[in-house]
Protein chains: 2
Amino acid sequence: MDASPPVPPLPQGRRSAIRRENERLILIAAEKVFAEAGFGGATMQLIADRAGLPKANLHYYFATKEDLYRRVVETIFTIWLRAAEAFDQAPDPATGIGAYIAAKMRISRDHPYGSKVWASEVMHGAPVIQDYLETTLRSWTEGRIAAIRRWIDEGRMAPIDPRHLLYMIWATTQHYADFTHQIETLNGGKPLSDRQWKAATDSVTAIILRGIGAA
Amino acid sequence: MDASPPVPPLPQGRRSAIRRENERLILIAAEKVFAEAGFGGATMQLIADRAGLPKANLHYYFATKEDLYRRVVETIFTIWLRAAEAFDQAPDPATGIGAYIAAKMRISRDHPYGSKVWASEVMHGAPVIQDYLETTLRSWTEGRIAAIRRWIDEGRMAPIDPRHLLYMIWATTQHYADFTHQIETLNGGKPLSDRQWKAATDSVTAIILRGIGAA
DNA sequence: GTGTTCCCTGACCATACGGTCAGGAAATGA
DNA sequence: TCATTTCCTGACCGTATGGTCAGGGAACAC
């Protein structure tokens, strides 16, 4: 879990600026390489090259390849959890779910590599973050399901299965990150423009909100 | 593209039963291993073990790891294309899109490994099947977009963006294959039952059809 | 039978990988 | 200034990988 080197952090808990900066460089490079090559296909040498550091230096900050990988996966998971705040404190499904979709679409655009690493991890059986699935993700999901069910009981939306609604939102929003390459190919080889990202978000939001009778 | 050994097939074009059977065993094992470990993480030795054959025998039938991988990816792509027939000859969107969703959900259940291999391939930039994306998939997509546009013009469904509708269908249906592990974890660690698969298909169909005003 | 094609595989090879380590440089604190 | 901690890295190691190959066995056509 902790990726610190053998020596514990400074007593003051203030990691030196050098350490912080290098960890940042390494994590950025690692996210990209893991996303593009998968855990098995990624090499420490390639990550080192992208970070502009010697390979041995990576092992100074991250003991093993798996430690580094775990940190990358945890990062995107944390970002997604934060986006869920859009869900809470919303008076009605159109507001709450609409905001959640918008937040997740924005993350897909801003953190496509992290999303891919997560997808890859889950597809391979979540060997590294199984505990997160069973604890944090499970309880988060239960909470959201309860909220949706409340909206249904109040007659604010159609009686759909909350669980499959959540899966649909995850699948659709993350698709724009995980399948970026396919989408770009079908877009004439060019990345989606600002306007196209907005159109995508609007389309997804419109179909889902109308689909659950909350439009 | 062709994964035949140096020696060309029999003149009669009838590959021996031995060859056909062994290729089948290898492809089944390879699909699973590639799905579980990714291209980089998969090893020929592991595939050989799963197929119950010596490693050298794999290289007799498939010259390289990449040849074998390509065959696996092509297989799932072909299966998906066949499912698209449900789309055609449908008089209205509810029938056509409903049948397409049902077909894709069934494939997600029957071929989860192939779906994962495809997802992994696309996520890594489609190094092996880029030509398929640019030719077959692109023209298939254009055709379907035209069909949807026709339905919209005829007032049979709401004027949504056909492209994003297709992405949503792909994303959602394939999610049940690619994220099987996450879904099972959130299902108490158990695979979806027949009943739950039906509920999933019904939920997805209901939300999308109502979402596009075709329910 | 017998010649020919197809099938099989243990042993091997070059390469590349994750990880280690000793020893030095740079920063930090008193 | 000088002692101590932190940071850095070239060289190295054991292992595992994709792929090769020679030589032998099975199947089949005639």
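Hydrogens, waters and symmetry mates play no part in the numbers below; they use all other heavy atoms, side chains included. So that the names make sense, note that chain A is the first sequence line, chain B the second, and so on, each numbered from 1.
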Worksheet item: Would you say a side-chain N or O of Y60(B) is under 4.0 Å from OP1 or OP2 of dC7(C)?
Response: yes

Practice prompt. Indicate the atoms forming the closest heavy-atom contact of I76(B) with V73(B), along with that distance.
Written response: CG2-O, 3.1 Å

Item to complete: For the pair H164(A) and Y167(A), name the ring-plane relationship: parallel under 30°, tilted 30 to 60°, perpendicular over 60°.
Response: perpendicular

Fill in: d(CZ, R19(B); C1', dA27(D)) in whole Å
14 Å

Worksheet entry | Separation of atom OH in Y61(B) from atom C1' in dT9(C), rounded to whole Å | 12 Å

Worksheet item: Which heavy-atom pair separates P162(B) from I145(B) by the least distance, and what is that distance?
Response: CB-CG2, 4.0 Å

Response to the item:
Per-nt protein contacts along nucleotides 16-27 of chain C (heavy atom under 4.0 Å; B base, S backbone sugar-phosphate only, - none) come out as -SBBBB------

Worksheet item: Is any side-chain N or O of N57(B) closer than 4.0 Å to OP1 or OP2 of dG10(C)?
Response: no

Item to complete: Please state how far atom CG in D49(B) lies from atom C1' in dG18(D), giving the value in whole angstrom units.
Response: 15 Å

Discussion item. Side chains of H181(A) and Q130(B): any donor to acceptor distance under 3.5 Å?
Written reply: yes

Item to complete: Let me know the distance between CG of L58(B) and C1' of dC7(C), rounded to the nearest Å.
Response: 14 Å

Fill in: Rounded interatomic separation in angstrom, taking CG from L53(B) and C1' from dC8(C)
10 Å

Worksheet item: When you check the phosphate oxygens OP1 and OP2 of dC7(C), does a side-chain N or O of S16(B) lie under 4.0 Å from one of them?
Response: yes

Worksheet entry | CZ (R138(B)) with more than 12 external heavy atoms under 6.0 Å | yes

Worksheet item: Does the S120(A) side chain pair with the main chain of K116(A), one donor and one acceptor, at a distance under 3.5 Å?
Response: no

Worksheet item: Can you tell me how far C1' of dC7(C) sits from CZ of R20(B), to the nearest Å?
Response: 16 Å

Response to the item:
Rounded to whole Å, the CG-P distance (L25(A) to dC7(D)) equals 14 Å

Fill in: Validation row, ring centre W80(B) to ring centre F77(B) under 6.0 Å
no

Worksheet item: Tell me: CD1 of I47(B) to P of dG19(D), nearest whole Å?
Response: 10 Å

